[in-house]
Amino acid sequence: MAARLPKTKEIPAPQLKKSVTNEDKILSVASLLSVISKTKLLSPSRLPIKELDADVFVKRLTLGERDDYFEEMKNVKGKGNVEAFIIALVDENNEPLFTLKDIDVVKTIPPVLTDAVILEFNIINRFVVKKPEKKDATDQPQEDEDLKNS
């Protein structure tokens, strides 16, 4: 004789939520792009340079710009510091201050500025993991590994 299981109470099935609509704060492509354009997500990062007693602006890249950047850097001879600096340094409107035609001028800029800009560029574009800050990060040499964008 088989044992019988005791009767259990029936639990009502949970009510399923109606289908999700735009009214439920799900962003469509158009509304997502509209929201992004109204934020500062792609605004350049303001970087104070104490030795210059001034601020500079560093470019934030879109996903497409990041892909283009990686492709361009594959063709660069050496470490790519000059090219990265040229791409990274922008004005407050995200317009480049230098072009590749300015390489000879950029090569004369002191490391206190170039290293700070390249490090900020790598951090804000998530190319490297931000290391804990030292007492004065602008006075510290930048590691070569931080400069590689692979």
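In this structure, Glu120 CD and Arg46 CZ are separated by 12.5 Å, a value rounded to the nearest 0.5 Å. Distance check: Ile118 CD1 to Ile123 CD1 gives 12.0 Å after rounding to the nearest 0.5 Å. If you take OG1 on Thr114 and CG on Leu89, they are separated by 10.5 Å, rounding to the nearest 0.5 Å. Distance CG/Asp115 to CD1/Ile109: 12.0 Å, rounded to 0.5 Å. If you take CD1 on Ile87 and CG on Leu61, they are separated by 8.0 Å, rounding to the nearest 0.5 Å. The CG atom of Leu100 lies 5.0 Å from the CD1 atom of Ile86; values are rounded to the nearest 0.5 Å.
Using a 4.5 Å cut-off between side-chain heavy atoms of Ile, Leu, Val, Met, Phe, Trp and Tyr, with links allowed through other members, Val105 and Ile103 fall into the same hydrophobic cluster. Cluster membership check: Phe57 does not share its hydrophobic cluster with Leu42, using side-chain heavy-atom separations under 4.5 Å among Ile, Leu, Val, Met, Phe, Trp and Tyr. Residue Phe98 is grouped with residue Ile49 when hydrophobic side chains (ILVMFWY) are merged at heavy-atom distances under 4.5 angstrom, including chains of intermediate members. The same ILVMFWY cluster, assembled from side-chain heavy atoms under 4.5 Å apart, contains both Phe85 and Phe70.
Under the salt bridge (charged side-chain N to carboxylate O under 4.0 Å, His left out) criterion, Glu71 pairs with Lys74, sequence neighbours left out.
Pro44 pairs with exactly one of Ile124, Val90, Val56, Val58 by the side-chain contact (heavy atoms from CB on, under 4.5 Å) rule, that one being Val90.
Between Arg60 and Leu41 the shortest side-chain heavy-atom distance does not fall below 4.5 Å.
Taking every heavy atom of both residues into account, Leu47 and Ala116 meet most closely at CD2-O, 3.5 Å. Closest approach of Gly80 to Met73, counting heavy atoms only: O-CE, 3.4 Å.
A donor-acceptor pair is defined here as one N or O able to donate and one able to accept, closer than 3.5 Å; such a pair exists between the side chain of Arg66 and the backbone of Asn125. Between the side chain of Asp67 and the backbone N or O of Gly64, no donor-acceptor pair lies under 3.5 Å.
Screening residues 84-94 for side chain to side chain donor-acceptor pair (under 3.5 Å), with sequence neighbours left out, gives no hits.
In this structure, Phe121 has its ring center closer than 6.0 angstrom to the ring center of Phe127.
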